[in-house]
Amino acid sequence: MSTQNNYLKQLENEAIYILRETAAQFERPALLFSGGKDSIVLAHLALKAFRPGKLPFPLVHIDTGHNFPEAIKFRDYFVNKIDEKLIVASVEKAITKYNLKETGGRFPSRNALQTYALLDVIEEHQFDACIGGARRDEEKARAKERIFSVRDDFGQWDPKLQRPELWNILNGRIDKGHNVRVFPLSNWTELDVWNYIKQENIELPSLYFSHNRECIQYNDRLVATSQFIQPQDGENFGTETVRYRTVGDMTCTAAVASTASTIDDIIEEIIATRVSERGQTRLDDQVSEAAMEDRKKQGYF
C-alpha cells in the first residue's frame, strides 16, 4: 500500500470510528447532507460503516431555496440510489414562519437563516446529534471545533467551552435540551477529500468539473447569472469556462476559472493553489473576519 493510500485509510478508519461512536452514544442522530462533495464523502463513509444494514440515521438537507439545480438533482439521485430516508427542511418556510429579514445587497446570503430551519428540524425530530462534513482547513472558526461539539438549548456554540478529546475518547453525554454537532472529517483537507474521491471512484455533481457558464465579473470573482443574480448596466459578463470548489447558494458562491475536467486535473489544481476554497469562492464569508464564527455561535452548522 502506498504512503498516500495508507494515510487515506487512516482518515477513513477514524471517520468510520466516529460515525459508529455517534450511532452508539446518541439516540436520534442525523446526517446533514447538501449534495456537496464533503457530505457525499461523509455519506459514502456512513455506508461503509453500516452496510449491509440500513443507516441508523436519516439524511437531512437544509434547503435555502437558492441551491444550484445540479446539486438538488444529484441529491435526489443519490438518496434514491442508496435507498435511505431524506428529510428536507425549508429555509423559505422558516422565513415566513418567523417573519425573518433577509440579507440585502447585491449577493444576498441565506446562510445565517439556515439556523432557524436547522433548529426547527432538530426540535421536530428530537435529533440529539447532527453529523456534518465540515473540515478544519475550510475556515479558521472550523478549526476551533471538537469532533463532538456541544450546543446549548438554543443551538448556540461557545468556542470557550470545548470538551477535551484525548486518545480518541469521545464524550457524548449531554444535558436535556442540548445537542451535538459531529464532524468525522475534522482531520481531512480539501486535497484529502479529492484524493479519497479518486480512490473510491465517488460520483459527484457536474458543478465540480469544468463547464461553460454565463458569469458576472465582480471584484475578481466569477458569479454565475441566475434567476437571483442578473448583470447590471456596464458590468462585464459573458460565458466563462469554470468549475466550483464548493457548492453553496447560487447567490453567494463564486466559480473559479478552470479547465479541470477530471479528478486528476482538479487534484493538480488544488496542489497549486494557495487560497482556501471558502476564501476564493464564498462571498458571504467576506463580510467580516469572524463571519463564520458569528454564525456558528447562533446555531449554524
Trainee: Does the side chain of Gln10 come under 3.5 Å of the side chain of Asn13 through a donor N or O and an acceptor N or O?
Mentor: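 There is no such pair (donor and acceptor under 3.5 Å, judged by atom type) between the side chains of Gln10 and Asn13.
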Trainee: Write out all pairs satisfying side-chain hydrogen bond (donor to acceptor under 3.5 Å, both in side chains) with one or both partners inside residues 84-97, taking only residues at least two apart or from two chains.
Mentor: Arg51-Glu84, Glu92-Arg110, Lys97-Asp120
Trainee: Kindly assign one of parallel, tilted or perpendicular to the pair His66 and Phe228, based on the angle between their ring planes and the thresholds 30° and 60°.
Mentor: tilted
Trainee: Could you grab the distance from atom OG1 of Thr189 to atom CZ of Arg136, nearest 0.5 Å is fine?
Mentor: 13.0 Å
Trainee: Is there a side-chain contact between Cys215 and Glu240 in this structure, where contact means two heavy atoms from C-beta onward sitting under 4.5 Å apart?
Mentor: yes
Trainee: Only one of Glu190, Glu277, Glu269 passes salt bridge (charged side-chain N to carboxylate O under 4.0 Å, His left out) with Arg245; say which it is.
Mentor: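 Exactly one candidate clears the test, Glu190.
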Trainee: Quick check against the 3.5 Å criterion: does Thr253 have a side-chain atom that pairs as donor or acceptor with the backbone of Val247?
Mentor: no
Trainee: Looking at Gln227, I'd like to know if its CD atom is crowded, meaning that more than 12 non-hydrogen atoms belonging to other residues, nucleotides or ligands lie closer than 6.0 Å.
Mentor: yes
Trainee: What about Phe107 and Tyr218, are their ring centers closer than 6.0 Å?
Mentor: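 Judged by ring-centre distance (under 6.0 Å), Phe107 and Tyr218 do meet the cut-off.
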Trainee: Would you check if His61 and Ser34 make a side-chain contact, meaning some heavy-atom pair closer than 4.5 Å?
Mentor: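 The answer is yes; the side chains approach within 4.5 Å.
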Trainee: Regarding Asp76 and Asn80, is there a side-chain donor-to-acceptor distance under 3.5 Å anywhere?
Mentor: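 Asn80 and Asp76 do not have a side-chain donor-acceptor pair below 3.5 Å.
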Trainee: Testing the 3.5 Å rule here: is there a donor-acceptor pair between the side chains of Asp249 and Thr64?
Mentor: yes
Trainee: Would Tyr196 and Tyr7 count as a close aromatic pair, with their ring centres under 6.0 Å?
Mentor: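 No, the ring centres sit 6.0 Å or more apart.
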Trainee: What about the rings of Phe209 and Tyr244, do their centers lie closer together than 6.0 Å?
Mentor: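 No, the ring centres sit 6.0 Å or more apart.
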Trainee: With ring centroids as reference points, do Phe33 and Phe78 lie under 6.0 angstrom apart?
Mentor: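 Yes.
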Trainee: Could you work out, with side chain to side chain donor-acceptor pair (under 3.5 Å) as the rule, every residue matching Arg163, not counting sequence neighbours?
Mentor: none
Trainee: Kindly write out the residues that satisfy side-chain contact (heavy atoms from CB on, under 4.5 Å) with Lys73, not counting sequence neighbours, or none if the list is empty.
Mentor: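 Counting only residues at least two positions away or on another chain, Lys73 forms no side-chain contact (heavy atoms from CB on, under 4.5 Å).
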Trainee: Answer yes if the side chains of Glu214 and Thr225 hold a donor-acceptor pair under 3.5 Å, and no otherwise.
Mentor: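 On atom types as modelled, these side chains qualify, holding a pair under 3.5 Å.
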